[in-house]
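Structure first, commentary second.
Counting starts at 1 for both ligands and their atoms, in listed order. Please read all numbers here as calculations on a predicted model, not as lab measurements.
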Amino acid sequence: MKWYYECSECGKRYDIEPGRYLCDACARAQEADRPLRGILECRWDGQWDGPQDGVPLPVAREHFPALPVGDTPLWAPERLRAETGFQRLWLKDDTCEPSGSFKDRASLLVAAFARERGIREIALASTGNAASSMAAVGAAAGLRVTVFLPKKAPVAKRVQVLQYGAELREVDGTYDRAFDQSLAYSSASGVLSRNTAYNPLTIEGKKTASFEMAAQLGRALSPAAPAGYCQVPDHVFVPVGDGVILAGVYKGFEDLKRLGRIDRMPTVWACQAEGSSAIARALEAGAFQAPVPSDTVADSISVDVPRNGAHALGKLQKHGGRAVVVTDAEILAGQQELASGSGLFAEPSSAAAWAGFRKAAPGLDKNERVVVMVTGSGLKDIAGAMKGLGL
Ligand SMILES: *Cc1c(COP(=O)(O)O)cnc(C)c1O
């Protein structure tokens with residue numbers, strides 16, 4: 001069994017090597033202020049020869065740092081089920097990842113790859129969660145981590161970075177600026193970049209959530225079935241900024257289908273904030289337009305240019321995905337509804353997925369299986385939550 005990268009645009013193959021991030025040919029067509037061109041996807045040749053019910057990944061398990069990432073609960077919020085009438089509603093709860101967000105799934109795979117290849121340092125740009133996540137996983141793995149973070153990132157995320165012992169470079173400007181600065185740093189110094197979308201392993205690492213969801217749904221719906229039995233949700237609601245979680249979730253279901261463990265794809269909903277909705281607008285228009293400066297209370301999904309936009313749009317178009325856009329008021333109301341109705345306190349980005357489900361719900365059949373992905377803990381952005389409370 002051999003792993004390789006394949007260009008999501010032209011299909012060209014590349015070896016999985018440090019320093020290989022995008023497809024050379026397609027990246028030449030990159031325009032300023034547009035999503036990245038030439039995004040690479042991980043693929044393998046031949047039969048998956050790992051455990052029957054395992055997740056195929058391009059790095060051997062022995063290199064994974066000993067931090068308990070993934071295997072997060074999929075649980076049924078009984079009161080929200082009663083309130084909404086959706087009796088098959090679940091929350092995929094990544095607030096209980098070690099650093100408090102879904103980003104740990106990507107950081108774990110990047111750190112494992114660094115250890116496999118003898119790389120000692122990782123650099124990245126972040127709105128906050130990727131930085132705190134990479135810092136945590138780097139601490140577990142014994143890797144040096146340098147993060148480029150906008151000055152206005154929520155304080156809890158900055159404090160996490162420092163507590164985990166990473167080097168913090170504060171950027172005067174937006175995440176988009178931090179992205180460029182971190183790329184300049186990693187290409188000049190030769191350290192591994194964990195920039196989301198740019199490093200293909202960030203997409204691949206996130207697919208683990210779909211493998212878990214399918215097996216957890218299998219257990220929930222068919223308790224007597226053998227271990228590893230999978231079921232597909234009808235709808236998955238995903239908060240979307242750069243579109244890497246979205247693409248990772250799709251990749252997981254695509255792999256499951258290829259492995260014969262599921263027989264259809266779910267409808268994936270890209271949930272975006274009104275003030276940062278480039279992917280939803282592109283799905284409607286058929287292409288990306290000039291960027292609009294982002295402005296939303298949901299900092300983790302606030303991007304001017306969605307780095308994985310082209311790739312994510314392609315997945316939505318291919319699989320009949322949908323988009324739903326919610327206002328900041330709906331996000332903040334959704335945050336409280338989720339917290340007070342289920343006991344799960346999520347950060348505003350994740351509340352956008354909940355609010356997106358609420359907005360789409362009138363068009364759905366109440367017997368359908370719905371999973372809302374709750375990607376980050378509310379404790380990571382207290383200032384955002386205070387706005388919702390009028391404090
Ligand atoms: C990064 C992040 C998102 C959005 O993921 P993208 O890949 O940027 O679309 C959603 N929720 C949380 C908590 C995040 O940290």
Would you list the pairs meeting ring pair (Phe, Tyr, Trp, His ring centres under 6.0 Å) in which at least one residue belongs to residues 115-155, sequence neighbours left out?
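The answer is F148-Y185.
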Do the numbers put [X] on top of the ring of [Y], so that NZ or CZ is under 6.0 Å from the six-membered ring centre and no more than 45° off the axis?
X    : Y    : value
R81  : F86  : no
R13  : Y4   : yes
R105 : F102 : yes

Taking the hydrophobic residues Ile, Leu, Val, Met, Phe, Trp and Tyr, and joining any pair whose side-chain heavy atoms are under 4.5 Å apart, which ones share a cluster with F345?
L379, I382, M386, L389, L391
Which residues, ordered by chain and number, are linked to V159 in its hydrophobic cluster, where ILVMFWY side chains connect at heavy-atom gaps below 4.5 Å, directly or through other members?
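V155, all in the cluster of V159.
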Would you mind writing out a table of all protein N or O atoms found under 3.5 Å from any N or O atom of ligand 1, naming both atoms and giving the distance to 0.1 Å?
unit_1, atom_1, unit_2, atom_2, d
ligand 1, 7 (O), V244, N, 2.9
ligand 1, 7 (O), I245, N, 2.9
ligand 1, 8 (O), D242, N, 2.8
ligand 1, 9 (O), G241, N, 2.7
ligand 1, 9 (O), D242, N, 3.2
ligand 1, 9 (O), G243, N, 2.8
ligand 1, 11 (N), S349, OG, 3.2
ligand 1, 11 (N), T375, OG1, 2.7
ligand 1, 15 (O), K103, NZ, 2.8
ligand 1, 15 (O), N129, ND2, 2.8

